[in-house]
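Accompanying notes for the structure given below.
So you know, we letter chains A, B, ... as the sequences are listed, proteins then strands, and number each from 1. Quick note: numbers below take in every heavy atom, side chains included, and nothing from hydrogens, waters or symmetry partners.
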Amino acid sequence: MKFFIGDKEEQLTKRLQGGDKTALKDFYSLYGGYLTGVCSRYISDDEDVKDVFQDALINIFSHIKDFKYRGAGSLQAWSTRITVNQSLNFLRGKNKLETTALVRDVADETEGMDPETEDISPEVLHRLVRELPTGYRTIFNLYVFENKSHKEIAEILGIKIDSSCSQFSRAKNLLAKMITDYRKNKNNPR
Amino acid sequence: MKEETRKQMQQKMAAYKETAPEVSWAAMEKALAAGSTVSTPQAFMWRRWIAVAAAVLLIAGAGLLTLLRNDVEPDYKAEILADIQLEEEQPAIKTETEAETELQPKAKTLPKTKTLPRKKTLPETEHLPQTEPQPQTETQTQANPQPQTEPLPAETTMKTQDTEPIEFIGAGEEIRAKSSRKLIASVYVSSLMNGSANTFASGRLMYYCAAPMGASDQMLFDNNSPALSPEKKVKEKGSHRQPVRFGLSLRYPLGGRVSIDGGLSYSLLVSTIHSTTNGMTFDSQQKLNYIGIPVRVNYDLLKGNRFNLYTSAGGSVEKMVKGRRDDRKIYIRPLQYTMTCAAGAELRLNPVSLYVEPGLSYHFKNGCHIPTYYNDKPLGFDLSIGLRFNLE
């Protein structure tokens, strides 16, 4: 999950911490696309993604002096955490994490099928994740892409561990169903 | 989910990029610049010291002016005389010999008194030499005509245009032709200037000092989610904006230089709370609304025709009536007690007066550990600006 740019990243870090204004645009060029992808995985509305992304950049540049470079990929990882935080703050502030109505066709089991994604392109997978209900999507992203345990997710979101498990299970099963439907539509276009 | 599936999905999305949205670099540089100018603690310290120095200078200046002013201002004298009906004396026409032997009257000065009783009496005046009034002729002129008055007794009650007699008061003090026991209403706005955004408090464990409902797994996803459980502990730091207070008060003079104020106030405390748990930091917007009852005693240091200087001391008790952090309610049951002292300058522009009051305030701990401006910055500088109206 990391772009390895080695020495370039360290130089960029030094320039940002030194107040070099051209470094801001270099950062944007290097990481802007990736961070936008992270942001849009949490937020489904494109206009909101634009606002949150800009706020995340401001946050990154404001606190860059607090960052300690710890090797290749550390700047990207740190920036990703800030972007995820900004996205979650946005969702909490806008009260977007509304009650997720149960989807009847999805099995409400803790153990269900895992989505099979070998033949699914990143763009399609991203789009399908984005189509999940907000609550499911948030927990799914935190578990799968941010590597958080259910205990950590429960602490972050202020919910019980069991709730994180059950919400994730429903998200996983729903995504699996969506992938199956995608394959059907792809093989049998109307 | 199997770990293999998770890793597969992570690797698939590791290189995923989207077209980054256009960014307004001008707005971003402005936001970064604004953040840097506001957030430096050194800037806060300088503002605080400048404000405290201004308050000290104001109080010291008021005291110094009171001590230095010994002469009655001509304006006061004219104002006094305008209200008094004096018997007019014909100016004396003197011969040269009489003028030479005449004692020169000394400049009249009014004795100092420190009280302002209703009874009006004239102070002792210099006895002027008596001469018989000379008839005035065209040919007789006097180079320096000396107006003469009959010697006045030590205390003489003089009639004035008003029914109430007037007392001449000492240097630097205005005559109160009519004693004032009227109520004075004030409206004001004040700002606590002890800190602003990005002034971080030390991290502390969080719990709500109220009776919250227990956290439930629906809390995050429920629009009517209750406050967090008191057992939930998260490290928090607060970035507090300068609180703003609006108020109405009534001032009642107690006599002399002392008066008492009482009224109602509304305060808004806005903060950004940085919550950190398990390496993730979340920002929440916290807004607390307080209603308070301030009471204080004022003492006039200097009172002129249009300009007053005074000091005041007192306190207030406030109750938080509404609080939210993002979409969650906050309950703070304990009352907030504050002690204040201030110096004020007032400019009278009839029928209203404009006043400014720099001062200090101290917010007592009330046992609540929610990061608020009151808890994190108990001692601070306060600046009030307002209008006063005489209620006749």
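Interface remark: B:Thr19 contributes backbone atoms only to the contact with chain A (heavy atom separation under 4.5 Å). For A:Lys21, the part lying under 4.5 angstrom from a heavy atom of chain B is the side chain only. Looking at A:Ser40, only its side chain comes within 4.5 Å of chain B, counting heavy atoms on both sides. Interface remark: A:Tyr143 contributes backbone and side-chain atoms alike to the contact with chain B (heavy atom separation under 4.5 Å). Using a 4.5 Å cut-off between heavy atoms, A:Ile82 does not touch chain B at all.
For the atom pair CE of B:Met1 and CG of A:Leu175, the computed distance is 7.5 Å after rounding to the nearest 0.5 Å. Rounding to the nearest 0.5 angstrom, the gap separating the CD atom in B:Glu22 from the NZ atom in A:Lys50 is 8.0 Å. Between the CG atom in A:Asn147 and the CZ atom in B:Arg6 there is a gap of 4.5 Å [rounded to 0.5 Å]. Put simply, CE on B:Met13 and CZ on A:Phe145 are 5.5 Å apart, with the number rounded to the nearest 0.5 Å. Note that OG of A:Ser121 is 9.0 Å distant from OH of B:Tyr16, once rounded to the nearest 0.5 Å. Atom NZ of B:Lys12 is separated from atom NE2 of A:His126 by 14.0 Å, given to the nearest 0.5 angstrom.
Side-chain atoms of A:Asp114 come within 3.5 Å of backbone N or O of B:Lys2 as a donor-acceptor pair. Although no hydrogens or angles enter the test, the distance criterion places no donor-acceptor pair under 3.5 Å between the side chain of B:Gln8 and the main chain of A:Glu118.
Within 6.0 Å of atom NZ in B:Lys322, 12 or fewer heavy atoms from other residues, nucleotides or ligands are found, so the atom counts as exposed in its surroundings. Heavy atoms of other residues, nucleotides or ligands lying less than 6.0 angstrom from CD1 of B:Ile293 number 12 at most. The neighbour count for B:Glu4 CD, taken as heavy atoms of other residues, nucleotides or ligands under 6.0 Å away, does not exceed 12.
Take B:Tyr266 and apply the side-chain hydrogen bond (donor to acceptor under 3.5 Å, both in side chains) test, not counting sequence neighbours, and it matches B:Asn289. Residues meeting the side chain to side chain contact (heavy atoms under 4.5 Å, CB included) test with B:Ser316, sequence neighbours left out: B:Pro294, B:Glu318, B:Thr338.
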Begin from the C-alpha positions of B:Thr5 and A:Val144 and carry the test side chain to side chain contact (heavy atoms under 4.5 Å, CB included) through to its verdict. CA-CA 9 Å; B:Thr5 308; A:Val144 173; over 6 Å; no

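The most heavy-atom pairs under 4.5 Å with chain A, out of B:Lys7, B:Met9, B:Gln285, come from B:Met9. Residue with the most contacts toward chain B among A:Val129, A:Leu35, A:Ile120: A:Ile120 (heavy-atom pairs, distance under 4.5 Å).
Among all heavy-atom pairs drawn from A:Thr36 and B:Ala20, the shortest one is OG1-CA, 3.4 Å.
Residues from residues 53-60 of chain A that place a non-hydrogen atom less than 4.5 Å from a non-hydrogen atom of chain B comprise A:Phe53, A:Gln54, A:Leu57, A:Ile58, given in numerical order.
Annotation: salt bridge (Lys or Arg N to Asp or Glu O under 4.0 Å) contacts involving residues 120-143 of chain A, sequence neighbours excluded, comprise A:Asp46-A:Arg130, A:Arg127-A:Glu131.
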